[in-house]
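Here's the structure we're looking at; comments come further down.
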Protein chains: 2
Amino acid sequence: MSDDRWEPPAILLAVDLVILTLRDSRLHVLLVERGIEPYKGAHALPGGFLQHSQEGLVAAAHRELAEEADLDVETLRLEQLGVYDDPDRDPRGRVVSVAFLAIAPRLPEPTAGTDAADAGWHPTDRVLSGDVRLAFDHRRIVADGIERARAKLEHSALATAFCGPTFTITELQDVYEAVWGMPLDPRNFYRKIKKTDGFILPAGSARKAATGRPARLFRAGPREVLYPPMIRPVDSPNGKEPVQ
Amino acid sequence: MSDDRWEPPAILLAVDLVILTLRDSRLHVLLVERGIEPYKGAHALPGGFLQHSQEGLVAAAHRELAEEADLDVETLRLEQLGVYDDPDRDPRGRVVSVAFLAIAPRLPEPTAGTDAADAGWHPTDRVLSGDVRLAFDHRRIVADGIERARAKLEHSALATAFCGPTFTITELQDVYEAVWGMPLDPRNFYRKIKKTDGFILPAGSARKAATGRPARLFRAGPREVLYPPMIRPVDSPNGKEPVQ
DNA sequence: CTACTTTTTGTCAGTTTGACAAAAACATAG
DNA sequence: CTATGTTTTTGTCAAACTGACAAAAAGTAG
């Protein structure tokens with residue numbers, strides 16, 4: 001590391017949070033309405049600067065979430081999503097932001113906190129389509145977060161994190177369909193899930209909806225890494241086309 | 001974001017680089033010997049602080065690599081590995097480091113640069129085993145980098161990045177075996193590779209080693225994302241054991 | 001009891017996998 | 001030139017997995 005005599009550059013470190021949840025079978029992301037400049041009035045991801053030099057990034061993320069959305073997220077497992085460091089991403093100066101991703105079961109409607117004029121859930125497709133405009137490079141961050149969630153659904157038991165403590169296989173399928181944005185065959189899905197070892201555990205049979213055969217209940221199994229993985233059907237397996 | 005009246009915390013931003021390559025069928029990582037305190041004399045990843053507030057992280061990474069290891073890495077594609085922000089990771093103060101990962105074909109022996117007393121390739125297993133001690137939390141970063149490389153081998157054409165512009169299927173297999181740390185069946189590997197669409201393209205038949213049947217030559221195909229993926233055999237598919 | 005809905009269990013052909021054998025294409029030694 | 005050794009490449013075969021689809025099971029509503 002190079003550190004002779006040298007002035008520490010004035011760089012601000014921030015965190016941004018992509019909190020995803022499912023509401024009536026659609027993927028939603030938590031957004032706040034900015035109460036201050038820049039981008040005052042625009043939607044943005046919850047987040048903010050580190051408060052003091054000893055504050056950890058994860059701690060800052062939790063603090064901002066509590067401040068801005070009044071969400072108690074002790075249980076939320078935040079996963080590092082990436083660092084966003086384009087020098088021009090924030091008009092106030094050089095702001096390097098570390099983005100975190102979290103997945104949650106149906107969360108309550110958040111209430112506005114101190115900084116943010118309003119906080120609420122927004123369908124991700126309206127964000128990705130540009131229908132809902134986001135401040136800074138937050139749309140990119142949301143896109144990266146969704147892609148990460150999609151990929152994690154293939155190899156980890158993340159999907160159960162979208163569900164409550166107990167759930168049916170159909171509910172689990174709803175998660176996959178919402179996040180992947182494609183329909184799946186219930187019968188093949190059922191078979192695949194049940195034979196993926198340690199993914200789900202029986203949690204007593206129970207009834208569910210008003211109509212149809214009552215579904216069995218399950219809870220998350222011990223397996224974090226899925227084997228075999230749940231491979232996404234090939235909508236477009238890749239950017240590039242098959243060759244030769 | 002919260003920014004009333006408030007003093008920007010004194011946080012130093014740094015980059016660290018995990019550069020992996022293959023030398024005689026073993027995975028190696030680039031390390032420098034630290035010329036200054038702290039950890040003077042110890043091995044460490046190349047890296048360092050941002051030079052000025054407008055310098056991009058990737059730019060800083062390339063600069064440090066040139067400075068410390070004299071490696072021309074214009075062609076190296078750096079991938080973000082993660083952020084390391086434990087408040088105690090650096091005795092000089094709060095240093096948040098962004099780690100980058102790069103994979104390269106057999107690189108030349110690097111020469112020591114200005115800051116580092118020495119730079120060279122070290123077998124990753126000697127680092128992971130603790131046989132080679134690293135400064136800061138760099139052993140952890142190396143471990144994360146290797147795990148990322150292992151995972152990427154499954155779903156991306158990364159393996160070809162370890163090879164030269166043209167290579168044989170056996171050479172490609174050597175990459176998988178070295179990174180995954182397990183032997184693979186040559187016949188099944190051959191079949192799998194050839195039917196993974198767009199992974200490799202023929203590049204003229206040619207001879208190779210002194211002995212045995214001459215191998216065909218291939219070059220990297222257009223496909224970045226592998227479909228179907230190259231799934232790792234289950235050595236231990238997961239931390240937790242199969243249940244029920 | 002009948003109609004309807006949703007969950008769960010099957011079926012079946014095609015594909016992929018893992019383990020293994022054999023042929024092909026050289027180099028080298030005698 | 002022939003035999004031997006080595007490595008690459010092409011096969012084989014049973015087991016497992018996948019995708020598409022049918023049918024049974026278990027409820028509710030009328």
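Note that the coordinates shown come from a computational prediction; the quantities given were computed from them, not determined experimentally. Residue numbers begin at 1 in each chain, while the letters A, B, ... track the order of the sequences.
In this structure, B/Asn188 places its CG atom 12 Å from C1' of D/dC13, rounding to the nearest Å. When the C1' atom of C/dT17 is taken as reference, atom CG of B/Asp185 falls 11 Å away, rounded to whole Å. Separating the CD atom of A/Gln173 from the P atom of C/dT7 is a distance of 9 Å, rounded to the nearest angstrom. For the pair A/Tyr227 OH and C/dT17 C1', the computed distance is 9 Å after rounding to whole Å. Atom CE in A/Met230 sits about 9 Å away from atom P in D/dT18, given to the nearest Å. Computed from coordinates, the B/Phe167 CZ to D/dT7 C1' distance equals 18 Å when rounded to whole Å. One can place CZ of B/Arg216 at 11 Å from P of C/dC26, the figure rounded to the nearest angstrom. Counting to the nearest Å, the P atom of D/dT18 and the NZ atom of A/Lys194 are 16 Å from each other.
Heavy-atom distances to DNA chain C give each of A/Tyr190 and A/Thr211 a nearest nucleotide, and the one nearer the 5′ end belongs to A/Thr211.
Note on A/Arg191: a base of the nucleic acid sits closer than 4.0 angstrom, heavy atoms only. Across all strands, B/Thr170 comes closer than 4.0 Å only to sugar-phosphate atoms, never to a base (heavy-atom distances).
Heavy-atom contacts from other residues, nucleotides or ligands closer than 6.0 Å to CZ of B/Arg133 number 12 or fewer.
An OP1 or OP2 oxygen of C/dT17 is reached within less than 4.0 angstrom by a side-chain nitrogen or oxygen of B/Lys192.
Closest approach of A/Arg150 to A/Val179, counting heavy atoms only: NE-O, 2.8 Å. Closest of all the heavy-atom pairs between B/Pro229 and B/His155 is CB-ND1, 3.5 Å. Nearest heavy atoms, B/Ala99 versus B/Tyr84: CB-CE1, 3.7 Å.
Ring-plane geometry between B/Tyr176 and B/Trp180 is classed as perpendicular, the angle between the planes exceeding 60 degrees on a 0 to 90 degree scale with a lower cut at 30.
Side chain A/Arg187 to base D/dA22: a donor-acceptor pair is found below 3.5 Å. Within 3.5 Å, no donor on the side chain of B/Arg213 pairs with an acceptor on the base of D/dG5, nor the reverse.
Picking from D/dC17, D/dT8, C/dT8 the nucleotide with the shortest atom distance to the side chain of B/Ala215 gives D/dT8.
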